[in-house]
Amino acid sequence: MEGGEKTATSRYKELMALAARRSKTAPAPAETLLAWYDRHRRRLPWRALPGESADPYRVWLSEIMLQQTTVVAAGPYFLKFLQRFPDVVTLAEAPLDDVLRLWAGLGYYARARNLHACAKAVAALGGVFPDTEDGLRALPGIGPYTAAAIAAIAFNRPATIVDGNVERVITRIHAVEEELPRAKPKIRALADPLTPQDRPGDYAQAIMDLGATICTPRKPACALCPWNSDCEAHAQRIEESFPRKAAKTQKPQRHGAAFVAMRADGAILLRRRDEKGLLGGMTEIPGSPWGEKRPKADARTSAPLPGEWRTLPGTVTHVFSHFALELEVLTAQFPHKTKPPKDCWWSLEVDAEALPSVMRKVVEHARR
DNA sequence: GATGCGTGGAC
DNA sequence: TGTCCAAGCAT
C-alpha cells in the first residue's frame with residue numbers, strides 16, 4: 001500500500017539521520033559517560049582495579065553499608081568488616097551480636113540484622129552469591145537498587161540501577177517536573193534505555209560517580225559534566241531545582257530519662273533492646289519509655305535498680321530519622337557485689353558493646 | 001504508596 | 001541553628 005511505503009521511507013530517513021548524528025557528532029550517551037569514567041573514576045576500597053573482576057562479597061557488603069549512607073561514613077566500617085569477616089561464610093558463622101557490635105554507630109540497624117541473615121542464606125547456597133537480579137532480590141536486605149547494583153558491578157549484567165544519584169541525574173537531564181516519589185516510574189523508563197550492553201558494570205558505577213562528584217545536589221559542576229550538552233536543566237540554568245520534592249514535615253520532639261548505673265569497679269549497667277523496631281537488637285542504657293512530655297521529678301521510679309539517683313545537669317539530645325529526642329541523665333553508684341536486674345548486665349568495656357550513637361552520648365554525658 | 005528506620009557532615 | 005542530605009529496604 002502506498003501509505004505503508006511512505007511510512008517506511010520516512011522511518012528509514014529518520015534512522016539514517018539518527019545514525020549520522022551519532023557517528024559524526026555525538027557518540028551514544030553511555031559511551032560519553034564511560035569515556036569520562038575511564039579518566040575520573042573514584043578509587044574506593046570495595047572497587048576492583050581497572051581490568052580486575054569485582055568480588056561479589058565486597059560489592060554486596062559495600063552496597064548494604066552505602067544504603068542512605070555516605071562513602072566517608074561507610075569506608076572505615078567496610079575495612080573493619082572485611083578484616084574481621086573476610087568472606088561470606090565467616091560472616092554467616094559469626095554470632096549476630098558480633099555483627100551488631102561492629103555495625104554500632106553506622107545506623108539503620110535493620111541493615112546489620114539483614115546482612116547477617118543474608119550471609120546465612122548465601123552460605124546455605126554454598127557461599128556463592130546469585131548472579132541475577134531476581135536471585136539477588138530474593139535475599140534479605142537486597143531490594144531493587146541493590147540487586148541491580150550487584151548484578152551489574154559484580155557480574156557485569158546489563159541491569160539498570162536507580163538510586164538517588166540516578167534520580168538526580170535523570171530528572172535534571174530531562175527536567176522532570178513530577179515530584180518524587182511519584183516520578184519514580186518515569187525516571188525508571190528514562191534510565192532503562194541508557195544502560196549499555198557493553199560494560200554495564202562500569203556504566204552503573206560511572207553514573208553514580210557522576211551524581212556524587214559532578215551532578216551534586218548543590219552547586220553541580222556542570223562545566224565538567226560529560227552530559228552537559230544533553231541536559232535540559234542545565235540549558236535553563238535551573239539544575240538545583242531537580243529533583244522536585246515535596247517539603248518535609250517537621251520532626252516531633254520526644255523526651256525520656258536514662259539511668260547510668262555505675263558499679264564501684266567502673267562497670268556500667270546495660271541491657272538489650274527488643275529485636276524489632278528502633279535500634280532493634282542493639283544495646284542500651286536502661287531508661288524510661290520515650291514520650292511527648294518531659295519526665296517528671298519522679299521519673300526515677302522507673303530506674304533499673306533502687307539507689308541514690310541524682311539528675312545530672314544538662315541533657316542529651318539526638319535526632320533520629322523521624323523524631324528528635326531529649327534525654328535526662330541520672331546516675332547512681334553501686335557496690336561491686338551488686339547483682340544485675342533481669343535482662344541486664346554489667347559491662348567493663350562499653351566501647352566494645354553494640355551501643356548506638358545516642359547511647360554513647362548518654363555514657364559520655366554521665367562520665368563528665 | 002506511606003511510614004518507620006540512624007548518623008554525622010555541609011551549608 | 002535548623003535544614004537537607006547519602007549508593008534504600010521492609011512492611
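Please read these numbers as outputs of a predicted model, since none were measured by experiment. Residue numbers begin at 1 in each chain, while the letters A, B, ... track the order of the sequences.
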Give me the first and last nucleotide of DNA chain B, going 5' to 3', that has any atom under 4.0 Å from a heavy atom of chain A.
B/dG4 to B/dG8
What's the gap between C/dA7 and B/dC11 when it is taken at their P atoms, as a whole Å value?
15 Å
Judged by nearest nucleotide, the residue sitting upstream toward the 5' end of DNA chain B, A/S321 or A/K361, is A/S321
Rounded to whole angstrom, note down the P distance from C/dA6 over to B/dC5.
23 Å
Restricting to salt bridge (Lys or Arg N to Asp or Glu O under 4.0 Å), what partner residues turn up for A/R272, sequence neighbours left out?
A/D97, A/E275
Only one of A/H255, A/Q253, A/R254, A/H318 clears side-chain hydrogen bond (donor to acceptor under 3.5 Å, both in side chains) with A/E326; which?
A/H255
Residue pairs, two or more places apart or on separate chains, that pass salt bridge (charged side-chain N to carboxylate O under 4.0 Å, His left out) and touch residues 70-84 of chain A
A/R84-A/D98
May I have all residue pairs that pass ring pair (Phe, Tyr, Trp, His ring centres under 6.0 Å) and include part of residues 118-176 of chain A, sequence neighbours excluded?
A/W60-A/F129
Residues two or more places apart in sequence or in another chain: which of them pass side-chain hydrogen bond (donor to acceptor under 3.5 Å, both in side chains) with A/D209?
A/R42, A/R47
Contacts table for residues 350-357 of chain A: side-chain donor-acceptor under 3.5 angstrom, sequence neighbours left out:
| unit_1 | atom_1 | unit_2 | atom_2 | d |
| --- | --- | --- | --- | --- |
| A/E353 | OE2 | A/W345 | NE1 | 3.3 |
| A/E353 | OE2 | A/S347 | OG | 2.7 |

With C1' as the reference atom in both, quote the distance from C/dC4 to B/dG6 in angstrom, rounded to an integer.
15 Å
Please classify the nucleic acid contact of A/V166 as base, sugar-phosphate, or nothing, using heavy-atom distances under 4.0 Å.
nothing
List the residues meeting side-chain hydrogen bond (donor to acceptor under 3.5 Å, both in side chains) with A/E177, not counting sequence neighbours, and say none if there are none.
A/R244
Within residues 204-223 of chain A or reaching into it, pairs that qualify as ring pair (Phe, Tyr, Trp, His ring centres under 6.0 Å) - sequence neighbours excluded:
none
According to ring pair (Phe, Tyr, Trp, His ring centres under 6.0 Å), does anything in residues 198-240 of chain A pair up with another residue at least two apart or in another chain? List the pairs.
none
Using the test side-chain hydrogen bond (donor to acceptor under 3.5 Å, both in side chains), find all partners of A/R273 that sit at least two apart in sequence or belong to another chain.
A/E284
Sorted by number, residues from residues 96-106 of chain A placing a heavy atom under 4.0 Å from DNA chain B are A/G105, A/L106
Heavy-atom contacts, protein to nucleotides 3-11 of chain C, under 4.0 Å, summarised as B (base), S (sugar-phosphate only) or - (none) per nt, yield --SBBBSS-
With distance as the sole criterion, is a donor-acceptor pair present between the side chains of A/N114 and A/R111 under 3.5 Å?
no
With C1' as the reference atom in both, quote the distance from C/dT11 to B/dG1 in angstrom, rounded to an integer.
12 Å
